[in-house]
Amino acid sequence: MSVLIKGGRIITAADDYVADIYVEDETVTLIGESLDVGADKVVDATGKYVLPGLVDPHTHLDMPFGGTTTIDDVESGQTAAAFGGTTCHVDFIIQPQGSTFADAVGEWRAKANGKQVIDMGYHMAVTDLAEGGTLEELASLPDEGITSYKLFMAYKGALMVDDETLFRTMEVAARTGALVMVHAENGDAIDVLVKRALAEGKTEPRYHALTRPPETEGEATNRAIQLSRVAGSPLYVVHVSCKEAIEPIELARDKGWAVWGETCTQYFFIDYSFLEKPNFEGAKYVYTPPPRAKENQEHLWNAVRTDKLSAISTDHCAFLWDGQKTLGKDDFSKIPNGGPGLENRLHMIHEFGVRTGRISLNRMVELLATSPARLFGLYPRKGTIAVGSDADIVVFDPEKKLTITAANQHSKTDYNLYEGTEVTGSPEFVLLRGNVLVENDQLVASPGIGEYVARAKFGQELRARSAVTQ
Ligand code: URP
Ligand code: ZN
Ligand code: ZN
């Protein structure tokens, strides 16, 4: 199958120019002005942006969490992603307590089998080095293409690890070429605050934020940074939500340390006041770290503009409001933590980042595709448009109007964080490795088209397919 995308404005992290793109089989094989080639399919992209397929480095599909399981499985989550222009994501395998890493990998690969709509890789969330996986086994994962280890410094009694586990994992990463990711919050302090609030009868959703003050995120961020320095591992701090966590990352980056930070779409738009919505509606916004005071939003825009923060993910961890979030009707600590977002990252960042002049189109592509691809060993196969790269391409209509609503979303959840938001600009055609994925607002390809991607080790490049097969 060959595809010719004609006359679009190609935007990568570095470039912005009008040209044609010729795709043969799975890769981009030619880019040039007025290409004189025949193709099985010709797409007129005049007046449209042509973007690399986006990469979401932080999602939770079909994940048991908070006494239930996320509502989006691989098929529904990836379908939502495809409509939002995301063609590759990296999901979290959570090591069940007492389980080996190999068993955990097997379990997660089985969940994806036959359901994949887009390409995906995995991070390994380490929960147990005492009874479950060994350090040796952990060290072997990067050779299988799982080149990042995630540790939760919060969720005491569930996913949280102690500093010894965190530090030992960092030491393994330093020698195996893995990137260490942290959910940075002080889980012990938060546990004290949660128990006290509940003992005082404070059960509503807003106490989720009031028991997780920004200082607990700042402290854990700084602790992880300092420990990674001692261990000699690179560090990526996920879902940064506030000034207190941006500051230590900024300091580390100013010093030239191997530290990166990510924020998520929702932190630019949802603030603490959403948790106060009546009739338990606030539970829709119970995710962790929690929605913060509004002034943090300008700190976040500034941080992504200036590369204090290097990526924007979704942390898509969707639950039904009616039937799952309601598990915490009488106790905010029982509300499953997480929110949906895979479909609307590009819509929201284009509308409120690019169209308002906060960030450039190039920077948007860098934050949503190139930088995650580079950090997580997917570049240059993913995250850019270049000869030899996978033909993961989004034709984006900058004039298309859309009202974001749960009624027309592809996630299985029953609400949307951005309900009623009107945006101008939306993907209209999406290719995955040269296969038409979305066209005329329909998913054209069938589940099973997506592939597992073995990622390169930290700092190394994932060789383009054409190079691999030569
Ligand atoms: O609330 C969230 N973020 N749920 C997903 C798990 C995590 O902490 O990333
Ligand atoms: Zn987290
Ligand atoms: Zn997460």
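The figures here come from the full heavy-atom set of this structure, side chains too, leaving out hydrogens, waters and symmetry mates.
With Ser389 contributing its side chain and Pro380 its backbone, the two residues share a donor-acceptor pair below 3.5 Å. Glu137 contributes a side-chain N or O that, together with a main-chain N or O of Phe101, makes up a donor-acceptor pair within less than 3.5 Å. No donor-acceptor pair closer than 3.5 Å links the side chain of His123 to the backbone N or O of Val180. Side chain of Asn435 to backbone of Leu437: no donor-acceptor contact under 3.5 angstrom is found. Remark: the backbone N or O of Gly7 is paired with a side-chain donor or acceptor of Asp20 at under 3.5 angstrom. Counting only distance, with no hydrogens or angles, the side chain of Asp128 and the backbone of Gly132 share a donor-acceptor pair below 3.5 Å. Thr147 places no side-chain N or O within 3.5 Å of a backbone atom of Phe458 that could act as its donor or acceptor partner. For Gln116 (side chain) and Val74 (main-chain N/O), no donor-acceptor pair under 3.5 Å exists by modelled atom type. Of the possible polar contacts, none joining the Thr86 side chain to the Cys88 backbone as a donor-acceptor pair under 3.5 Å is found.
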Is there a side chain to side chain contact (heavy atoms under 4.5 Å, CB included) between Thr356 and Trp301 once you walk through the steps?
-> CA-CA 11 Å; Thr356 59; Trp301 282 117; over 6 Å; no

Residues Ile312, Met364; criterion side chain to side chain contact (heavy atoms under 4.5 Å, CB included); working and verdict = CA-CA 9 Å; Ile312 303 174; Met364 179 186 80; over 6 Å; no

Between Lys400 and Asp441, does a salt bridge (Lys or Arg N to Asp or Glu O under 4.0 Å) hold up when you go through it step by step?
-> CA-CA 12 Å; Lys400 186 171 169 184; Asp441 296 323; 3.1 Å; yes

Start with the C-alpha distance between His239 and Glu262, add both sets of side-chain angles, then the distance that settles side-chain hydrogen bond (donor to acceptor under 3.5 Å, both in side chains), and finish with yes or no.
-> CA-CA 5 Å; His239 53 38; Glu262 155 207 282; 5.6 Å; no

Going through the checks in order, is the side chain to side chain contact (heavy atoms under 4.5 Å, CB included) test met by Ile71 and Gln324?
-> CA-CA 9 Å; Ile71 191 71; Gln324 290 188 295; 3.7 Å; yes

Please walk me through it: do Val105 and Thr100 pass side chain to side chain contact (heavy atoms under 4.5 Å, CB included)?
-> CA-CA 9 Å; Val105 172; Thr100 65; over 6 Å; no

Under the ring pair (Phe, Tyr, Trp, His ring centres under 6.0 Å) rule, what do Phe396 and His350 come out as? Steps first, then yes or no, please.
-> CA-CA 11 Å; Phe396 181 90; His350 174 258; 4.7 Å; yes

Test side-chain hydrogen bond (donor to acceptor under 3.5 Å, both in side chains) on Glu24 and Ser2 and set out the steps.
-> CA-CA 4 Å; Glu24 229 177 335; Ser2 58; over 6 Å; no

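When all heavy atoms are compared, the tightest approach of Ala154 to Glu185 is CB-OE1, 3.5 Å. The nearest pair of heavy atoms linking Val394 to Gly53 is CG2-CA, 3.9 Å. Between Cys317 and Met63, the closest heavy-atom pair is SG-CE, 4.2 Å. Heavy atoms only, all atoms of each residue included: Leu327 and Pro336 are closest at CD1-CG, 4.2 Å. Closest heavy-atom contact between Phe92 and Thr59: CD1-O, 3.2 Å. Annotation for Thr263 and Val240: closest pair OG1-O, 2.7 Å, computed over non-hydrogen atoms.
When ring centroids are compared, Tyr155 and His183 come within the 6.0 Å threshold. Checked against the 6.0 Å centroid criterion, the rings of His60 and His316 do not qualify as a close aromatic pair. Taking the six-membered ring where the residue is Trp, the centroids of Phe352 and Phe269 are separated by under 6.0 Å.
Residue Ile146 holds its CD1 atom at 4.0 Å from CD1 of Ile93, rounded to the nearest 0.5 Å. Distance check: Thr314 OG1 to Asp56 CG gives 3.5 Å after rounding to the nearest 0.5 Å. If you take CD1 on Ile11 and CG on Leu361, they are separated by 4.5 Å, rounding to the nearest 0.5 Å. Atom OG1 of Thr68 is separated from atom CD1 of Ile335 by 13.5 Å, given to the nearest 0.5 angstrom. Remark: Tyr236 OH to Ile249 CD1 distance equals 10.0 Å, nearest 0.5 Å. Going from atom CG of Leu159 over to atom CD of Gln97 covers 8.0 Å, rounded to the nearest 0.5 Å.
By the 4.0 Å N-to-carboxylate-O rule, Lys308 lies too far from Asp254 to be salt-bridged with it. Of the charged side-chain nitrogens involved, at least one lies within less than 4.0 Å of a carboxylate oxygen, so that Glu366 and Arg363 count as a salt-bridged pair. One finds no salt bridge joining Asp72 and Lys412 here, because no Lys/Arg side-chain nitrogen approaches an Asp/Glu carboxylate oxygen to under 4.0 Å. Salt-bridge annotation for Arg381 and Asp392: absent, with no side-chain N of the basic residue lying under 4.0 Å from a carboxylate O of the acidic one.
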Enumerate donor-acceptor pairs with a distance under 3.5 Å from any side-chain N or O in residues 424-433 to protein atoms, sequence neighbours excluded.
{"residue": "Thr424", "atom": "OG1", "partner": "Lys401", "partner atom": "NZ", "Å": "3.3"}
{"residue": "Ser426", "atom": "OG", "partner": "His347", "partner atom": "NE2", "Å": "2.9"}
{"residue": "Glu428", "atom": "OE2", "partner": "Lys48", "partner atom": "NZ", "Å": "3.2"}
{"residue": "Arg433", "atom": "NE", "partner": "Asp119", "partner atom": "OD1", "Å": "3.4"}
{"residue": "Arg433", "atom": "NE", "partner": "Asp119", "partner atom": "OD2", "Å": "2.8"}
{"residue": "Arg433", "atom": "NH1", "partner": "Glu26", "partner atom": "OE2", "Å": "3.2"}
{"residue": "Arg433", "atom": "NH2", "partner": "Asp119", "partner atom": "OD1", "Å": "2.8"}
{"residue": "Arg433", "atom": "NH2", "partner": "Ile449", "partner atom": "O", "Å": "2.8"}

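Atom CZ of Arg358 has more than 12 heavy atoms from other residues, nucleotides or ligands within 6.0 Å.
Checking Ser241 against Glu217 by side-chain atom types alone, a donor-acceptor pair falls below 3.5 Å. Ser310 and Asp307 form a side-chain donor-acceptor contact under 3.5 Å, judged by distance and modelled atom types alone. The closest side-chain donor-acceptor pair between Asp143 and Ser140, if any, does not fall under 3.5 angstrom. A donor-acceptor contact closer than 3.5 angstrom links the side chains of Thr176 and Tyr149. Side-chain atoms of Gln78 and His89 form a donor-acceptor pair, as typed in the model, at a separation below 3.5 Å.
Applying the salt bridge (Lys or Arg N to Asp or Glu O under 4.0 Å) criterion to Lys150, with sequence neighbours excluded, gives no partner residue. For Arg9, the salt bridge (Lys or Arg N to Asp or Glu O under 4.0 Å) partners are Asp16, not counting sequence neighbours.
Cation-pi geometry between Lys111 and Trp108 is met: the NZ or CZ atom falls under 6.0 Å from the ring centre, inside 45° of the normal. For the pair Arg292 and Tyr267, the cation-pi test (distance below 6.0 Å, angle within 45°) is failed. Stacking of Arg455 on the aromatic ring of Phe376 is not recorded, the 6.0 Å distance cut-off and the 45° axial limit not both being met.
In this structure the side chain of Leu30 never reaches within 4.5 angstrom of the side chain of Val387, judged on heavy atoms.
Evaluated for a side chain to side chain contact (heavy atoms under 4.5 Å, CB included) with Tyr415, the options Gln409, Lys325, Glu281 yield exactly one hit, Lys325.
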